[in-house]
Structures are given as structure tokens and as C-alpha cells.
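Quick notes on the structure that follows.
The shown structure was predicted, so the numbers you read here are calculated from the model rather than taken from an experiment.
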Amino acid sequence: MPKRVADEIAALPEPRGPLRRPCADLSRRVRLLAPLLDHLPASASSSSTPLADALGAARDLLRKTRDGSKIDQAMRGDAFLDEFAGVNRQIHLALDALPYNTFHMPQEVQEQVALVHSQFQRASTRTDPPDTQLSMDLAWALTDNPSDPALLTRISHKLQLHTMADMKNESIALHNMVISTAGEPDGCVDQMSSLLKKLKDCVVTDDHANDALATRSASIKHRSPIIPDEFRCPISLELMQDPVIVSSGQTYERSCIQKWLDSGHKTCPKTQQPLSHTSLTPNFVLKSLISQWCEANGIELPKNKQNSRDKKAAKSSDYDHAGLVSLMNRLRSGNQDEQRAAAGEIRLLAKRNVNNRICIAETGAIPLLVNLLSSSDPRTQEHAVTALLNLSIHENNKASIVDSHAIPKIVEVLKTGSMETRENAAATLFSLSVVDENKVTIGAAGAIPPLINLLCDGSPRGKKDAATAIFNLCIYQGNKVRAVKAGIVIHLMNFLVDPTGGMIDEALSLLSILAGNPEGKIVIAQSEPIPPLVEVIKTGSPRNRENAAAILWLLCSADTEQTLAAKAAGVEDALKELSETGTDRAKRKASSILELMRQANEA
């Protein structure tokens, strides 16, 4: 329900009229909640939750503003702004009551939701001053004196009533307002109608003015929209291109705060707090939000003005060399808070692009991150293993990670870490196992049993990460034996028997590779595999039918009893159909099994 309401809000047209800014801000904030709504558990997704009610109120207010009289909105602006503050407050309180920090969401999504949550909190208190000029213009236009055409032009510009079509819609909105209120709200409909007539006369009688208004309207349409305050640098008040965080927690445009610091200041410009250090941390979450907003509004951010040295550094990474060295020093410090924050920054930096991965590794981060895998702080441990995962994406870093003796520590994290830490440890082992010799090292380090544990008791994502890692490791024969001895087959067969767990694809892929090993084949044969395999061949997806047929062929080719059991289970018709319509591999396996059945009958 909350997701559907948010989609309805996102589908609303661009707001018009005197309240376009609060409308646009509210709509933008709701759209930024989309990643949270995608991760809501069932208990928080019904239509009776506080969040659903709050989003419904936001949708209703936006619709009312879209369809309502623009003149009424201008004359009763304070009342409408109070309504917007109330809706923002309602969403803020609903988010307060929602334990989203416990949801299974990526770290970046958690940070984005926290930022939007704080924006709703700020918007719940009215801070926008009234449009004094518009109020004065309305007061003059509502007098009995003939109104100045320039005054009416200014009002029509503020209300976005430029054409006769706009005037007609405004007239309908006033009419509907009278009907819905069974009278005159605040006794001012006559005044509103009088003003509307003056605006109509201005449009009809002055063709030249009308052309000017049309031109102005087109200009307004293509003009950059109002920049949200949280996207402006507190120093320059301009849209931030490279937002960075100082030690006080405030965010500034990098070039502006750097000039402030270079001038010898040691305090935060906004709060006047003393700065504990002068390192600047990229605010990737806010930068992403600004990029999304710019893309949605057709705005291209100008290039940063940098000297040649800065340009060279920018091509290398999102940090200059001094910034990376500062991060390394914080990793080395004995201060747990500093280590956690620095590891978190490296985690985000390494995720962004290949240049960051190269520069971070060259600055010596890998051994320091490996040491933090033994940290007693769960969050530091999570940041460290995830940073290593992101760094390992670059092929040259894989060897550095292994040479830093990371594998035994990653395996230990896989055994004892938090769920997200275990998931990312499994993904790291998979990434490292792409190199063939690492498959041997990882298996010998004891990774198979804790991967099987994650396969059984992990989150949905954790189970898939574990299955992917095990599959890649089992390309090496020695790891197949380790997996079979660790009892993986019984768990995989359980996934086949109960497909509601969503792991049937992974189970079949793993069984198909394990069945190629003599020990694996024996254990699978002892697990009563025929009924679930036959069911998959009859009703499964093309890929799963292919893997099931491959497993069945390996079993039947080694044991006539398995062939007869499959025939007795009624698989022949499904195999004949698969031999004609399946994938190339499935056709070959199905035909081979049918031939084995024919031979068994003749024996």
C-alpha cells in the first residue's frame, strides 16, 4: 500500500501556482523514500500503518493543490503552508515509529533514508517566509480602483495563470470550491471572482501583453526549478557539485569549505563548533540525491573549477593523495570510532569506480583493512570486509588481498560476524575464488562449512551469496569432497523438496556439479533424489529441467536401480518432451536417460 501511494505521487504532473515549491519538495522527498518502500516487511506494507496513512495524506494534499484555485492558495497561503508542514510532520513521525535501521537494506539505502527522514523533520516546522510582494499585489488588485496592467501581469506570473485555458481551469476550480464548501470560504469568493475577471481582461484585451506573457511562460517552463535548501552550500548558497562533510557533521561544497580552511579558520562556518580535524569526507549519499534531482529536472551540473593538480587527482580518485593518507592514518589509529568511520569511507569510495580501487590499494589500505577484520566492533568489521569486497573487484587487488593473509580472517568473519558481515564475507570469497589457485587456498582455510551454515540459516541474499561462492569453489575437485563431507547434499535436497524457500535454482546447480564427483554421486543417490528430480523435469523452468536431467543422467548411468526408479516415477513422457523442446544440453541428457531406460527394459 505505501509503495502504491508513493507511485501515485510520483505520477502527478509538475506542480503549478503559488505553492509549487512546497508541492515539489514534498513530492521529491516521497520519491526518495522509494528504496525504503521496496524493502518494507509485510507487517509494514498494509494500508493501515502510520506510514501508509501519512503518504495518503501527502497524496491527497498534492492532488488538492493541483486541482484547487490558485487565487485561493495565494490568498490563504499561510493556511496551506501549515497543511504542508502538518503532512511533513505526519510522515516524520511515521518514520520515527518505523524501525527501518533493522530492515535488511544496503548501507547506502539506510543512509539515504536517514537523510530524507531528517529532511521531513526540518520541513515539519514552517520556515518559509510569506511572499510579501504577492500579498501586496493581491491587496492592491482587490481594491475597487482599476488595476495596473503591470500589477496584473506580475500576479498572473506568480499564479501561473497565463492563458485563457488557465483562466478557464481557475474558474472551474473556484466553482468547485464554492460547491464543496456549501458557501463562500472566508466570505471572499466575490473578491476572487473579481480578481479572476481582471486577469481575464488583461489576457483578452492586450494582445501584446499576451504575447509577452506567453514568452515569459515559456521562459519559466525552461528555467531551472527552485533548488532545495539542503542541496545548497551554506557558504555560497549555490547548488553543491562536490558535497563534503566536516568533523562537525555539516556538509559544504568542497571548494568553498577548502577556501575557509585555507584561510586559517578552525571552526564550522555554520555552527561555529571547533573542528576536531580538517579532513573532508565526500557525502556520496547527498551527491547521489543531487544527481537524481538534476536528472529529473533536466539540469547539467557544471564542471568543477580545479587547478591542473586537482584535475589530475580527480581523474585518479574521489580523494586527493593527502585525503587518502589521512584515511590511512585514521585506520592505523587506536581510536575505534576513527577506524570505523575511515573503514566506512573506504567502503563507499571503493564501491564507486575502478580508479578509487587502484588508488586506495596503492596507498596501503589492504593490510590495514585485513587487520580490522579482527576488530571487536561489529560495524568496523562489516565495513572492513565490505571494503575488501569492493576492492577485490579490481583484478590486481585480488593478489594483494590474498598476500595480506586475508583469507583465514575472512573465514573467521564468515563464522562469527553479523548477518550482513557474513553475507559480504561470502561474496568476498566468491570474488577471490575467480582466481583458480585461490579456490584451493579458500577451501583449505575451512570456508566450506561456514558457507553451508550461511546457505541454511542466512537471509535470502545471504543464502544466494553462499550458494554462489560454494558453486565456484566446487569447480576444484577437492572442494567438492569437502562440501559433501560437510553435509551439503541433505540441505540441497531439502531445498528441492520445499521450493518455497526460493533456492531451487541454486540447489540444482550445486547438485549438478557435485554429482560429477564419485563421493557426491553416492551421497545424492542415498538421499531419495528421484521424486523431486522427476517433479522438476515435469514442471520446472527450462534451466532447472536441464540441471535436473543432468543430475538424473549421472545417477542413472551409475546405477540401474536409479533408472528403474525414475521410470516407475513416470518421467518418460516428460523426458520425451524435453528431448524435443528443451535446451541443447537438456535434449542430450533426456535422450541419454531414455536410452538407459530402454536398455534396462531389455536386460
Open item on the list: If you count every heavy atom of other residues, nucleotides or ligands that lies below 6.0 Å from R543 atom CZ, does the total exceed 12?
Closed with: no
Open item on the list: Nearest 0.5 angstrom please: I470 CD1 to R482 CZ, how far?
Closed with: 13.5 Å
Task: Sidechain N-carboxylate O distance under 4.0 Å for K567, E572 - done: yes
Open item on the list: Are the side chains of Q110 and Y100 in contact, using a 4.5 Å heavy-atom criterion?
Closed with: yes
TODO: Answer yes or no: is there a donor N or O on one side and an acceptor on the other, between the side chain of R254 and the main chain of P243, under 3.5 Å?
DONE: no
TODO: Could you check if a side-chain atom of D465 sits within less than 4.5 angstrom of a side-chain atom of L451, using non-hydrogen atoms only?
DONE: no
Open item on the list: If you apply the rule side chain to side chain contact (heavy atoms under 4.5 Å, CB included), what do you find for R347 with E382, and how did you get there?
Closed with: CA-CA 10 Å; R347 168 185 181 171; E382 178 193 324; 3.0 Å; yes
Open item on the list: Please check this pair: side chain of S527 against backbone of V523, looking for a donor-acceptor N/O pair closer than 3.5 Å.
Closed with: yes
TODO: Kindly indicate whether the side chain of V116, heavy atoms from C-beta on, has any atom under 4.5 Å from the side chain of V113.
DONE: no
Task: Rounded distance [0.5 Å steps], OG in S404 versus CG in N371 - done: 8.5 Å
- [ ] Could you tell me whether a side-chain N or O of N438 sits under 3.5 Å from a main-chain N or O of L432, the two making a donor and an acceptor?
- [x] yes
TODO: Heavy atoms only: give me the nearest K521-A515 pair and the separation to one decimal.
DONE: CE-O, 3.3 Å
Task: From Q477 atom CD to K480 atom NZ, the distance as rounded to the nearest 0.5 Å - done: 4.0 Å
TODO: Quick one: closest heavy-atom pair of N397 and I366, and the distance?
DONE: O-CD1, 4.1 Å
Task: Evaluation steps, side chain to side chain contact (heavy atoms under 4.5 Å, CB included), between L369 and L391 - done: CA-CA 11 Å; L369 291 168; L391 290 170; 3.7 Å; yes
TODO: Look only at the side chain of S591 and the backbone of K587, and say whether a donor-acceptor pair between them is shorter than 3.5 Å.
DONE: yes
Task: Charged N-O contact under 4.0 Å between D7 and K3 - done: yes
Open item on the list: Can you confirm whether L327 sits close enough to L349 that some side-chain heavy atom of one is under 4.5 Å from a side-chain heavy atom of the other?
Closed with: yes
Task: Where K589 and A550 come nearest, the two heavy atoms and their spacing - done: CG-CA, 4.0 Å
TODO: Output yes when a side-chain donor or acceptor of S557 lies under 3.5 Å from a complementary backbone atom of L554, and no otherwise.
DONE: yes
Task: Spacing of T363 atom OG1 and L368 atom CG [to the nearest 0.5 Å] - done: 10.0 Å
Open item on the list: Can you confirm whether K351 is buried at NZ, in the sense that more than 12 heavy atoms of other residues, nucleotides or ligands lie under 6.0 Å from that atom?
Closed with: no
- [ ] Tell me, with the steps shown, if L596 and W553 meet side chain to side chain contact (heavy atoms under 4.5 Å, CB included).
- [x] CA-CA 9 Å; L596 289 174; W553 177 76; 4.1 Å; yes
- [ ] Write down the atom of Q381, the atom of G417, and the distance for their closest heavy-atom approach.
- [x] OE1-CA, 3.8 Å
TODO: Give a yes or no answer on whether the side chain of N479 reaches the backbone of I475 with a donor-acceptor pair at less than 3.5 Å.
DONE: no
Open item on the list: Can you tell me if E595 has over 12 outside heavy atoms packed within less than 6.0 Å of its CD?
Closed with: yes
TODO: Verify the distance criterion only: is there a donor paired with an acceptor across the side chains of R352 and N390 at less than 3.5 Å?
DONE: no
- [ ] Output yes when K538 and E535 qualify as a salt bridge under the 4.0 Å nitrogen-oxygen rule, no when they do not.
- [x] no
Open item on the list: Using a 3.5 Å distance criterion without hydrogens, assess whether the side chain of N547 forms a donor-acceptor pair with backbone atoms of S512.
Closed with: no
- [ ] Mind checking ring pair (Phe, Tyr, Trp, His ring centres under 6.0 Å) for Y476 and listing every partner two or more places apart, or none if nothing turns up?
- [x] none
Open item on the list: Are the side chains of H394 and I358 in contact, using a 4.5 Å heavy-atom criterion?
Closed with: yes
Task: Minimal non-hydrogen separation, G364 against P367, with atom names - done: O-CD, 3.5 Å
Open item on the list: Can a donor-acceptor pair be found, under 3.5 Å and without considering hydrogens, that links the side chain of R357 to the backbone of A350?
Closed with: yes
- [ ] Decide whether E546 and T583 meet the rule of one side-chain donor and one side-chain acceptor closer than 3.5 Å.
- [x] yes
Task: Minimum-distance pair of heavy atoms, taken over all atoms of E423 and G462 - done: CG-CA, 3.4 Å
Open item on the list: Can you confirm whether Q336 is buried at CD, in the sense that more than 12 heavy atoms of other residues, nucleotides or ligands lie under 6.0 Å from that atom?
Closed with: yes
Open item on the list: Quick one: does any side-chain atom of T563 pair with a main-chain N or O of C556 as donor and acceptor, under 3.5 Å?
Closed with: yes
Open item on the list: I'd like to know whether L239 forms a side chain to side chain contact (heavy atoms under 4.5 Å, CB included) with E253, so could you lay out the CA-CA distance, the side-chain angles of the two residues, the decisive distance to 0.1 Å, and finally the verdict.
Closed with: CA-CA 8 Å; L239 181 68; E253 172 64 31; over 6 Å; no
Open item on the list: Between S333 and R330 (side chain of the first, backbone of the second, donor and acceptor by atom type, cut-off under 3.5 Å), is there such a pair?
Closed with: yes
Distance-only check: which donor-acceptor pairs under 3.5 Å involve side-chain atoms of residues 495-504, not counting sequence neighbours?
residue: D498; atom: OD1; partner: T500; partner atom: N; Å: 3.4
residue: D498; atom: OD1; partner: T500; partner atom: OG1; Å: 2.6
residue: D498; atom: OD2; partner: T500; partner atom: OG1; Å: 3.3

